[in-house]
Amino acid sequence: MKVGVLGCMAERLKAKFLEEEKIVDLVVGPDAYRDLPNLVEEVEAGRDAVNVLLSKEETYADVSPVRLNSNGVSAFVSITRGCDNMCTFCVVPFTRGRERSRDPQSILEEINAMHEKNFKEITLLGQNVDSYLWYGGGLKKDFKKASEMAKATAVDFAQLLDMCATRFPKMRFRFSTSNPQDMTLDVIHVMAKHRNICKYIHLPIQSGSNAMLKAMNRLHTREEYLELVKNIYTLIPEMHLSQDMIAGFCGETEEDHKDTLDLMEKVKYSFGFMFAYSERPGTLAAKKMEDDIPLDIKKRRLQEIIDLQQRHSLYRAKEQVGQIQEVLIEGTSKKSQDQWKGRNTQNTVVVFPKENYKMGDFVEVKIENCTATTLIGKAVGYSDNN
Ligand code: SF4
């Protein structure tokens with residue numbers, strides 16, 4: 001048996017895997033899929049095989065992914081690779097390279113292939129989807145050097161989303177992840193225009209304190225973020241937002257932490273991904289900042305953030321009790337063989353009795369009860385989206 005490691009951490013860990021622990025034969029970076037046949041030949045000839053070069057062009061537009069363990073209902077489609085933002089805590093710009101976008105035609109073709117296989121929901125995926133920009137290929141940072149013709153015909157994220165939702169009206173669309181500094185109101189207007197774009201945005205901020213946002217090199221302030229959130233809730237009142245938060249980043253004071261709790265109170269996210277800060281080797285924070293918050297303080301602040309999020313999740317769930325919501329059936333509930341589970345447009349999990357409905361159906365469900373993470377209901381009929 002030959003063992004290989006493929007992905008964005010391969011470059012970081014290649015010495016450990018190949019030389020120190022000698023546990024793998026093959027180390028392949030995220031931009032080297034096309035080199036796999038050669039690398040496998042190298043391994044078969046008895047040599048270690050490594051390709052961790054990052055590409056300026058590669059978007060794998062014409063490589064159709066094989067979707068293992070797919071539920072046959074929902075799928076991810078990659079639209080950008082890399083990230084040009086240099087958040088000081090994040091390793092992505094070093095492991096995934098500079099930002100480049102995929103040709104919209106190839107994105108539509110991949111979605112069409114999913115549509116023909118009866119998939120019902122697509123999540124457009126990238127490190128920073130709102131930064132999507134197709135102008136004929138190449139790095140986003142080189143856009144200003146493009147020809148006037150290329151600039152005039154460029155496609156941004158709002159336009160791409162509009163194209164997808166218009167061309168496939170019976171499919172549902174989500175996207176992830178958004179960086180607030182790159183999100184435009186055009187995207188929100190497109191979301192408001194199309195029923196089949198889900199009313200949910202994962203909108204990480206990482207901290208509610210301006211001092212921490214600056215230290216993290218997030219290129220927006222707390223006030224700008226709250227203004228964006230206000231505009232989103234005004235244009236789409238039923239929108240749900242989720243967050244990423246880091247507790248105990250370098251230099252974080254008790255006041256900074258309170259700003260995070262205060263911001264959460266203002267936004268009332270429906271859920272979140274919350275972590276105590278830990279250094280990632282190679283990042284600007286690891287090189288230049290002191291990880292100076294004691295672990296017990298980090299843990300206490302994290303727990304306060306988690307507790308508050310639990311309260312807000314329950315608040316958002318309770319708001320939905322009594323509503324009739326469209327749910328896409330994605331599988332059997334983990335807790336009961338007799339219940340389906342699916343998600344509503346806000347990305348909340350909904351469970352309800354199976355009756356005669358089947359996987360992939362869009363069903364109208366009356367929400368009767370809830371926990372902080374799950375809505376519990378009863379189907380009242382098919383949605384007209386089927
Ligand atoms: S946190 Fe997100 S936006 Fe910031 S560098 Fe990492 S991938 Fe890019």
Side-chain angles (χ1 to χ4, degrees), residues 7-12 29-31 54-56 58-60 76-102 123-133 139-143 156-158 160 174-184 187 200-222 224-225 228-229 241-252 256 260 263 267 269 271-289 291 302 305:
C8 62
M9 290 309 285
E11 193 270 336
R12 305 261 120 178
D31 287 349
L54 291 173
S55 164
K56 293 185 174 163
E58 186 60 85
T59 60
Y60 295 95
F76 293 101
V77 170
S78 180
I79 65 164
T80 66
R81 296 182 79 88
C83 183
D84 284 352
N85 295 327
M86 294 295 282
C87 301
T88 52
F89 56 84
C90 181
V91 80
V92 163
F94 306 102
T95 55
R96 294 283 172 116
R98 302 302 299 253
E99 218 170 281
R100 62 265 187 210
S101 298
R102 180 177 168 191
T123 301
L124 304 174
L125 207 60
Q127 262 81 39
N128 182 7
V129 284
D130 294 270
S131 189
Y132 176 89
L133 187 66
L139 297 178
K140 168 134 186 216
K141 76 177 179 59
D142 294 335
F143 178 61
D156 66 14
F157 183 56
L160 177 72
R174 301 183 186 277
F175 54 87
S176 189
T177 293
S178 290
N179 186 317
Q181 75 205 37
D182 294 307
M183 175 164 260
T184 63
V187 170
Y200 161 72
I201 306 173
H202 183 54
L203 198 62
I205 181 164
Q206 316 293 357
S207 169
S209 145
N210 276 334
M212 287 299 99
L213 291 173
K214 195 155 181 241
M216 292 172 174
N217 196 32
R218 304 285 288 181
L219 300 179
H220 61 82
T221 61
R222 160 196 174 89
E224 284 163 343
Y225 182 88
L228 175 64
V229 168
L241 302 176
S242 60
Q243 44 87 351
D244 288 347
M245 289 295 177
I246 298 174
F249 188 63
C250 310
E252 187 188 68
D256 294 324
T260 295
L263 180 128
V267 179
Y269 299 98
F271 64 94
F273 302 94
M274 298 150 285
F275 305 92
Y277 175 64
S278 70
E279 234 173 43
R280 294 284 175 272
T283 58
L284 290 172
K287 284 186 203 152
K288 302 211 164 133
M289 297 175 180
D291 181 10
L302 176 63
I305 291 171

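Counting starts at 1 for both ligands and their atoms, in listed order.
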| task | Check Ser55 against Arg100 and note the closest heavy-atom contact, atom names and distance. | result | O-CZ, 3.3 Å
| field | Check: Cys250 and Glu252 side chains under 4.5 Å, non-hydrogen atoms | value | no
| task | Describe, in one word, how the ring planes of Tyr200 and Phe271 are oriented to each other, choosing from parallel (under 30°), tilted (30 to 60°) and perpendicular (over 60°). | result | parallel
| field | Residue list, side-chain contact (heavy atoms from CB on, under 4.5 Å) with Pro204, at least two apart or on another chain | value | Thr177, His202, Gln206, Arg218, Asp244
| note | Taken by chain and residue number, the protein N/O/S atoms under 2.8 Å from atom 4 (Fe) of ligand 1 read Cys87 SG
| query | Less than 4.5 Å apart, any side-chain heavy atom of Leu263 and any of Thr260? | reply | no
| Val267 side chain reached by Tyr225 side chain, heavy atoms, under 4.5 Å | yes
